[in-house]
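See below for the structure under consideration.
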Amino acid sequence: LVPIVAASIYGFAALTSRRDLEARLARHRGEAAAILSEADRKRAALDDVERRAFAAFDGQRRDDGERLWAEARDLYTALDVQYREASQKVETALALDTGSKEAQAELARVLHLRILLAERRHQDALREELLQRLQVYDVGGRFQALLDAPARVHLETCLLYTSRRG
């Protein structure tokens with residue numbers, strides 16, 4: 001009877017422990033997803049502010065361009081902070097369950113986003129460090145393939161015809 005009771009207690013404890021672990025994993029991954037969702041909005045705002053800054057500089061509106069570029073730098077910094085926070089959340093989940101393929105894939109995605117931001121900011125040393133980390137977690141090589149893919153350029157042209165008279 002004692003072995004059956006001991007086995008039952010052990011089984012219940014193991015089940016409870018696994019449920020607690022799953023809940024903690026879900027919490028960390030959920031927090032990371034929320035941070036990344038906000039970061040996506042911030043990245044879209046950054047794209048818009050950058051585009052408007054370049055247009056202002058191109059249009060010889062230096063004061064507007066400088067103001068917008070300062071705003072873009074602030075957005076870069078805020079976006080970097082959010083990516084680092086998301087990375088920490090996913091890494092915590094991965095530390096709790098080192099075999100989690102989902103957490104590895106999420107960390108590879110966050111590292112990819114951080115690499116793209118480092119490229120935009122011309123932070124070569126950070127980019128190289130993140131690339132090394134990506135090799136560990138990008139199991140199928142999906143994100144490395146995206147980084148290695150040839151660039152695509154969309155170019156629109158128009159022809160202007162003029163006529164000379166007389």
Side-chain angles (χ1 to χ4, degrees), residues 1-53 68-154:
L1 181 63
V2 172
I4 293 173
V5 171
S8 296
I9 291 172
Y10 175 78
F12 178 75
L15 179 63
T16 302
S17 176
R18 186 65 193 173
R19 271 191 287 185
D20 290 346
L21 176 63
E22 291 294 332
R24 290 169 57 199
L25 290 170
R27 187 182 81 241
H28 289 296
R29 291 174 61 205
E31 290 171 353
I35 292 167
L36 289 174
S37 178
E38 175 60 31
D40 285 343
R41 287 188 287 281
K42 196 157 287 176
R43 191 178 65 239
L46 172 60
D47 292 343
D48 178 60
V49 170
E50 243 184 13
R51 181 190 51 73
R52 290 187 295 133
L68 288 165
W69 193 249
E71 187 179 336
R73 283 194 316 265
D74 291 344
L75 285 168
Y76 273 124
T77 300
L79 188 56
D80 183 53
V81 167
Q82 285 185 311
Y83 284 159
R84 282 187 281 124
E85 287 174 356
S87 180
Q88 289 171 348
K89 297 294 183 184
V90 176
E91 287 179 71
T92 300
L94 193 56
L96 292 170
D97 185 4
T98 57
S100 172
K101 299 295 183 202
E102 295 86 7
Q104 286 180 351
E106 288 173 16
L107 184 54
R109 177 176 174 250
V110 174
L111 290 170
H112 176 251
L113 292 169
R114 291 187 67 200
I115 289 166
L116 294 177
L117 185 63
E119 286 177 347
R120 270 176 97 161
R121 296 184 83 179
H122 307 286
Q123 296 173 317
D124 297 334
L126 176 60
R127 180 185 181 276
E128 290 306 313
E129 174 192 332
L130 294 170
L131 280 168
Q132 289 175 359
R133 292 184 63 208
L134 182 66
Q135 290 176 356
V136 175
Y137 298 106
D138 189 16
V139 177
R142 173 180 170 222
F143 294 104
Q144 186 63 53
L146 290 172
L147 293 169
D148 293 340
R152 294 184 334 191
V153 176
H154 176 80

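Throughout, numbering of the chain's residues begins at 1 and tracks the sequence.
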Under the side chain to side chain contact (heavy atoms under 4.5 Å, CB included) rule, what do Leu126 and Ile115 come out as? Steps first, then yes or no, please. CA-CA 8 Å; Leu126 176 60; Ile115 289 166; over 6 Å; no
Run the salt bridge (Lys or Arg N to Asp or Glu O under 4.0 Å) test against Arg29 and tell me which residues pass, sequence neighbours left out.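 For Arg29, the residues satisfying salt bridge (Lys or Arg N to Asp or Glu O under 4.0 Å) (neighbours in sequence not counted) are Glu106.
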Evaluate the side-chain hydrogen bond (donor to acceptor under 3.5 Å, both in side chains) criterion for residues Ser37 and Arg41: first the C-alpha distance (whole Å), next the side-chain angles of each, then the deciding distance (0.1 Å), finally the verdict. CA-CA 7 Å; Ser37 178; Arg41 287 188 287 281; 3.3 Å; yes
Calculate, to the nearest 0.5 Å, the distance between atoms [atom1] and [atom2] belonging to [X] and [Y] respectively.
X	Y	atom1	atom2	result
Leu116	Leu130	CG	CG	10.5 Å
Leu68	Arg73	CG	CZ	11.5 Å
Leu111	Gln104	CG	CD	11.5 Å

Evaluate Tyr83 against Arg43 for side-chain hydrogen bond (donor to acceptor under 3.5 Å, both in side chains), listing each step before the verdict. CA-CA 11 Å; Tyr83 284 159; Arg43 191 178 65 239; 3.1 Å; yes
What heavy-atom pair brings [X] and [Y] nearest, and what distance separates the two atoms?
X	Y	answer
Leu79	Ala39	CD1-O, 3.4 Å
Gln82	Glu38	NE2-CG, 2.9 Å
Val90	Ala32	CG2-CB, 3.5 Å

Leu107/Leu134 under side chain to side chain contact (heavy atoms under 4.5 Å, CB included): CA gap, chis, key distance, verdict: CA-CA 8 Å; Leu107 184 54; Leu134 182 66; over 6 Å; no
Hey, are the side chains of [X] and [Y] touching, using non-hydrogen atoms and a 4.5 Å cut-off?
X	Y	answer
Arg114	Arg84	yes
Arg52	Asp48	yes
Gln123	Leu117	no
Arg120	Glu50	yes
Arg51	Asp47	no
Arg121	Thr77	yes

Parallel, tilted or perpendicular, as decided by the 30° and 60° cut-offs, for the rings of His112 and Phe143: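 Rings of Phe143 and His112: tilted, 30 to 60°.
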Thr98 side chain to Leu94 backbone, donor-acceptor under 3.5 Å: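 Flag not set: sc Thr98 to bb Leu94 has no pair under 3.5 Å.
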Mind jotting down which residue pairs meet the salt bridge (Lys or Arg N to Asp or Glu O under 4.0 Å) criterion with at least one end in residues 127-136? Sequence neighbours excluded, please.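 Non-adjacent pairs meeting salt bridge (Lys or Arg N to Asp or Glu O under 4.0 Å): Glu91-Arg133, Glu119-Arg127.
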How would you list all residue pairs meeting side chain to side chain donor-acceptor pair (under 3.5 Å) that involve residues 137-146, not counting sequence neighbours?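 Non-adjacent pairs meeting side chain to side chain donor-acceptor pair (under 3.5 Å): Gln144-Asp148.
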